[in-house]
Amino acid sequence: MESDSDSDGSHVSATPPRDPYQPPPPPPSPPPRQSTTSSKKSKPSLKPKRPPIPIPIPNPKPKPSLSPSPPSSPTPSPLSTLPFQILRRTSDHHHHHDDPISAAQTLPARHFSNSASFSKLNKPSLNFEPLEPSTTVTDHFQSNSEATNSANSHKVVKRHSNLIGSNPPLPPAKLRKCGNEGNFVKLNLNGKRRKFANKGKTRRNIYGSYSSGSRKFHRKKKRKVEGEGEGEDEKNVREEDGLVVETEQQKQKQESGRAKLDCQLIEEAALAARNEASDENLLKLLNLVYGYDSFRDGQLEAIKMVLAGESAMLVLPTGAGKSLCYQLPAMVLPGLTLVVSPLVALMIDQLRQLPPVIPGGLLCSSQTLEEVSETLRKLQEGTIKVLFVSPERFLNAEFLSVVSTNLSISLVVVDEAHCVSEWSHNFRPSFMRLRASMLRDRLNVGCILAMTATATVTTLNAVMSALAIPQTNLIQKEQLRENLQLSVSLSGNRMKDLLTLMKSSPFKEVKSIILYCKFQSETDLISRYLCDNNISAKSYHSGIPAKNRSRTQELFCSNKIRVIVATVAFGMGLDKQDVGAVIHYSLPESLEEYVQEIGRAGRDGRLSYCHLLFDDDTYFKLRSLMHSEGVDEHAVNKFLNQVFNDKNSHGKICSLVKDSASRMFDMKEEVMLTLLTNLELGEVQYLRLLPQLNVTCTLNFHKTSPVLLAEINRVVAAILKKSEAKQGQYLFDIPTVANSIGITAIDLSNQLQNLKFKGEITYEVKDMAFCYKIMKVPGDFCSLSAHLTKWLSEVETCKVRKLDTMFNAAVFAANVCEKKHGCFGSQHTPCLQKKILGYFNEDDNSDISNKMGQISRFLQADIKVFLQSNSHVKFNPRAVARIMHGIASPSYPSMIWSKTHFWGRYTQIDFQVIMEAAKAELMNYVGKESL
Ligand SMILES: Nc1ncnc2c1ncn2[C@@H]1O[C@H](COP(=O)(O)OP(=O)(O)OP(=O)(O)O)[C@@H](O)[C@H]1O
C-alpha cells in the first residue's frame with residue numbers, strides 16, 4: 001500500500017456484489033437534461049444586463065440560462081448568503097463549450113495597447129508582446145494543437161494572450177480586438193521541444209495589425225476560406241494574397257482604432273482607480289475588463305484593502321471569484337504582482353484565465369533553463385505584470401537578483417494559502433519560504449494577499465501569523481456554496497451502487513460529472529466499467545502522461561466525455577462552469593478535501609449534485625496510509641548525523657543520495673525533503689537547499705591526456721585528485737570535486753558539459769541526490785531530532801483526526817441523522833453543511849471518536865510468530881506495525897513483505913496499539929536490539 005493517495009497503492013475488487021443493495025431513495029427529479037449539441041436555444045441571461053458603455057464590449061461569459069419555470073428545489077437551504085444566484089439544472093440550457101464562439105466568449109474581452117500611459121516601474125505595465133501565433137502553444141498542450149493542425153493543416157489557431165494551449169480558438173471577431181497576444185509560456189513538461197517554423201517571423205503589433213512576417217498567416221487563412229491552396233502554386237497564392245491582405249488591413253485599421261479606444265478607456269479607469277480606489281472607479285474597471293456588473297461578496301473589500309497597501313486574508317468558497325481579487329489590483333498597482341501557487345497545473349490554468357490586458361508569465365521547476373531565462377528577460381524588460389511562480393523558484397538566487405535589483409513588487413499573492421500551515425490538509429513545506437519576514441527581507445514586499453477556500457480556524461491563524469496578516473484584515477465568507485445538494489450513502493458494493501446511482505435521477509440527467517477515486521488503479525477500473533455500461537468516461541491521474549491528461553481534460557471541458565474519473569490530481573483551479581455533479585467513489589481524506597472537490601460542481605450557480613459513496617474498508621485503508629510517513633526519533637537522529645556528517649562543514653556543499661538514504665533511514669523521500677526544508681526554513685537556518693542533481697559521475701578522457709589537460713584546466717585537476725581511477729575511467733562525487741575548488745555543483749556540471757562539447761571527455765551521471773550548503777551545524781542533535789520528531793508526529797495526528805472527522809460526518813449523515821431539519825432520503829445537505837461549517841469554525845473541540853479497534857486477542861501472538869519467522873531481519877515497532885497494516889516503506893517494500901501472511905492483517909486495529917504490542921514483543925525477543 002502506498003501513502004500517496006494519487007498512487008496505485010491499492011487494488012479494487014471487481015468481485016460481484018455480495019449484498020443486495022437498496023439504492024438511496026432518489027431525490028425528486030429535475031427536468032431531464034438533453035445532450036449538449038441539441039440545446040442551442042438562447043435563454044434569458046442569469047444576470048441583469050449591463051448598462052451601455054461607450055464602445056462595444058464583447059459579452060462576458062455566456063450566462064447560464066433559466067428555464068422558464070424551474071421546479072422547486074428539494075433543498076430548503078436559505079440562499080441569502082450565496083454569492084451568486086442558484087438555478088436549478090435544466091436539460092435545455094445553452095452549453096457554450098460546444099460552441100467555439102461562445103466558448104471563446106468565456107475569455108475576457110478587453111485588450112491593452114503598448115501605448116499604456118501607466119507609469120512603468122521598471123516597467124511592468126499593461127502592455128503586450130508581439131504575437132507569435134503558433135508559439136502560444138506549450139509543449140504541455142501540444143496534443144491539442146496537433147489535433148487541430150492535423151484536422152486542417154492550413155488552419156492557424158490563434159490564441160488568447162495568456163493561453164498556453166488547449167484553449168478554444170478565438171473567433172475572428174474577437175481576434176481583431178486583441179491588440180496584444182504575446183504572452184505565452186512554454187513548459188517542457190514532456191521533455192520535448194516543439195519547433196515553431198515561423199517563430200520570430202510572424203509578429204503582430206500592439207494594435208492588432210501584422211508586420212510583414214504575418215503574411216503567412218493571411219495566406220493560410222485565405223486558402224482555408226476558399227478551399228484553395230492544396231497543390232496550388234505558391235506564386236498564385238501570393239498574388240491573391242495581395243487583395244486579401246489589403247482588405248484585411250483595412251479592417252484591421254478600423255479595429256485597431258477601436259481597440260485603441262478600448263485600451264484608453266481601460267487605462268483611464270485603472271489610473272482613476274489608482275488615484276482613488278472608490279467603489280465607482282473599481283466597478284467601472286471591472287465592467288470594462290470583465291464585463292461584470294457587480295462585485296461578488298468579499299471581492300470589493302479584499303481589492304480595496306490590497307489597494308490601500310494592507311495585507312489581507314481572504315476566505316471565499318470555491319468558484320466565488322478569488323482570482324479577480326488579485327487580477328484587478330494588478331492592473332491598478334504600479335509594480336509587479338507575484339502569485340505563488342502549489343501546483344504547476346494550477347498556475348497554468350490561472351495564467352490562462354488572466355484577462356488579456358494583463359500580461360502574465362510563469363516560472364516553475366518544470367521549465368527548461370532557456371524558458372526560465374526567457375521569462376527572466378521579460379521580467380527585466382517589464383513586459384510581465386503578473387508572474388506566477390512556484391515556491392521552490394521563489395527565493396532562488398537568480399530570480400531574487402532579477403527581482404530585487406530591477407523591479408518593484410506591489411503585491412504577493414499566496415494562492416491556496418492553507419498550504420503554508422502544517423495543520424491544513426495540504427501542507428507544502430516549500431510554502432514555508434513565504435514567511436512575511438523573508439518576503440520583506442529579500443523582496444521588500446509590504447503587501448500580501450492570502451487566499452483559500454478551505455481552512456479551519458487553526459489553519460487560518462497559522463497562515464496569518466506566518467504572513468503577518470493582522471486579524472482585523474481577515475475577510476471571510478462562508479466556505480460552502482449553497483447551490484450544492486449533498487447526499488451520502490454507506491455502500492456494501494460501491495461499483496454496483498455507483499452504477500445504480502448514475503442511472504437514477506438526478507445523476508442520469510447530468511451531462512458533466514467528476515467522479516473522484518482515491519487510487520489510480522480505481523480510476524482506470526471504474527472508467528472502464530462505466531464505458532462498459534454505456535457511460536462515456538475517461539480516467540485522469542498523475543500516472544498518465546501529461547499530454548494524455550491534458551487531452552482528457554480538454555475532452556471533458558468541451559463535453560466530449562461525460563464523466564471524468566479522477567484522483568485528487570484533477571480539478572484544483574478547474575473553472576468548468578457546467579459540471580453538474582461530483583461523485584465521491586472513495587471517502588475524501590478530510591472535510592477540506594471534500595469541500596474543495598465538491599467545489600468543482602455548480603460554478604455556474606446552478607443547483608448541482610454531490611454524492612458521497614463510502615465504506616468501512618476504504619476508511620481503514622486510508623487510516624493505515626496516514627501512518628506511512630511517520631518516523632521515529634532514532635531515525636531522525638541518524639538522519640541528522642548523516643546530513644551534518646562532517647562537524648566542520650560550515651559552508652560546504654553536501655549531498656544525500658535519495659535512494660540509499662531513503663533505505664538507510666526507512667524514510668520516504670518526501671519526509672526527508674520535509675526535514676531538510678525545516679532545517680532550511682525553520683527557526684534556525686542550518687542549511688540552504690540547492691537544486692537536486694545526479695551526483696556520481698563516471699568520466700572518460702578522449703583527446704588530450706588527463707595529466708596535460710589538468711595543467712590547463714583546474715576542474716580536470718580537481719577530478720584527478722578526488723576521483724577513483726578504474727580501467728581508464730574516473731569515478732567521483734560531483735559535490736566533493738566542486739567543494740575542493742570552491743565552485744557550485746551546478747557550475748561543475750556546466751564545465752563538464754563544455755569539455756564534452758569540445759570532445760575532450762564523455763561522462764555519465766547517476767544517483768539523484770538532495771544537495772545543500774551547510775550554514776550552521778546544530779549544537780545538540782538529540783534535542784533537534786526530538787523537536788523534529790514531535791513536530792512530524794503532531795502533523796501525522798492532525799491528518800488522522802481530519803480523516804476521522806470526515807468519516808464521522810459521513811457516518812452521521814448516513815446512520816445517525818434523524819432527518820428533521822430538511823434532510824431526507826440520502827440527501828443530507830443541511831446536516832452536512834452544519835458539520836462542515838462547525839468543523840471550519842472549530843465549534844467542537846471534543847475528542848474525535850474513531851472506528852479503530854483498541855485491542856485484539858491474537859495480535860501479540862501474531863507479532864511473536866512474525867518476529868520468530870523473520871528472525872534474520874532487524875525490525876523496530878514502527879516497521880512491524882506498518883507490515884501489520886499493509887503499508888510499504890523504503891526498507892520494507894511491498895514486493896517482499898506483502899507475501900507474508902501478516903501483511904495488512906490488522907488494518908482495523910489502531911496503529912499505536914500495534915506499535916506498543918510490537919515494542920513489548922521486541923523487548924522480550926532475544927537478539928533484537930533495535931529499540
Ligand atoms: N464579480 C463577478 N461577477 C461574475 N462572475 C465572476 C465575478 N468574479 C469572478 N467571476 C467568475 O467566477 C468564476 C470563478 O472564479 P475563480 O476561478 O476566481 O474562483 P475561485 O474562487 O478562485 O475558485 P477556486 O477556489 O475553486 O479556484 C470565474 O469564471 C470568474 O470569471
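Both ligands and their constituent atoms are indexed starting at 1 by order of listing. This one's a predicted model, so the numbers in the text were calculated from it and none came from an experiment.
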Gln299 and ligand 1 - part of the residue with a heavy-atom distance under 4.0 Å: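 The side chain, only.
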
So between Gly319, Gly291, Pro317, whose heavy atom ends up nearest atom 14 (C) of ligand 1?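 That would be Gly319.
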
Modelled atom types, side-chain donor and acceptor of [X] and [Y], under 3.5 Å:
X	Y	result
Glu589	Tyr594	no
Gln485	Ser608	no
Thr456	Thr459	yes

Between Lys802 and Glu592, is a salt bridge (Lys or Arg N to Asp or Glu O under 4.0 Å) present by the stated rule, with each step listed? CA-CA 9 Å; Lys802 283 183 190 295; Glu592 287 100 319; 2.7 Å; yes

What about [X]: any of its N or O atoms under 3.5 Å from an N or O on ligand 1?
X	answer
Gln353	no
Tyr292	yes
Glu416	no
Leu286	no
Gln577	yes

For the atom pair CD1 (Ile475) and CE (Met313), what is the distance rounded to the nearest 0.5 Å?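 Those atoms lie 10.0 Å apart.
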
Which atom of Asn483 lies closest to which atom of Gly602, heavy atoms considered: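 Looking at all heavy atoms of both residues, the closest pair is ND2-O, 2.7 Å.
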
Establish, yes or no, whether the cationic atom of Lys576 lies under 6.0 Å from the six-membered ring centre of Phe556 and within 45° of the ring axis.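 Lys576 over Phe556 ring: yes.
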
Quick one: which ligand 1 atoms are inside 4.0 Å of a heavy atom on [X]?
X	result
Leu324	8 (N)
Arg603	14 (C), 17 (O), 19 (O), 23 (O), 24 (P), 26 (O), 27 (O)
Ser323	16 (P), 17 (O), 18 (O), 22 (O)

Yes or no: does Met451 have any heavy atom under 4.0 Å from an atom of ligand 1?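 Judged by the 4.0 Å heavy-atom criterion, Met451 does not count as contacting ligand 1.
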
Would the His611 and His584 ring centres measure less than 6.0 Å apart?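 They do not qualify: ring centres at least 6.0 Å apart.
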
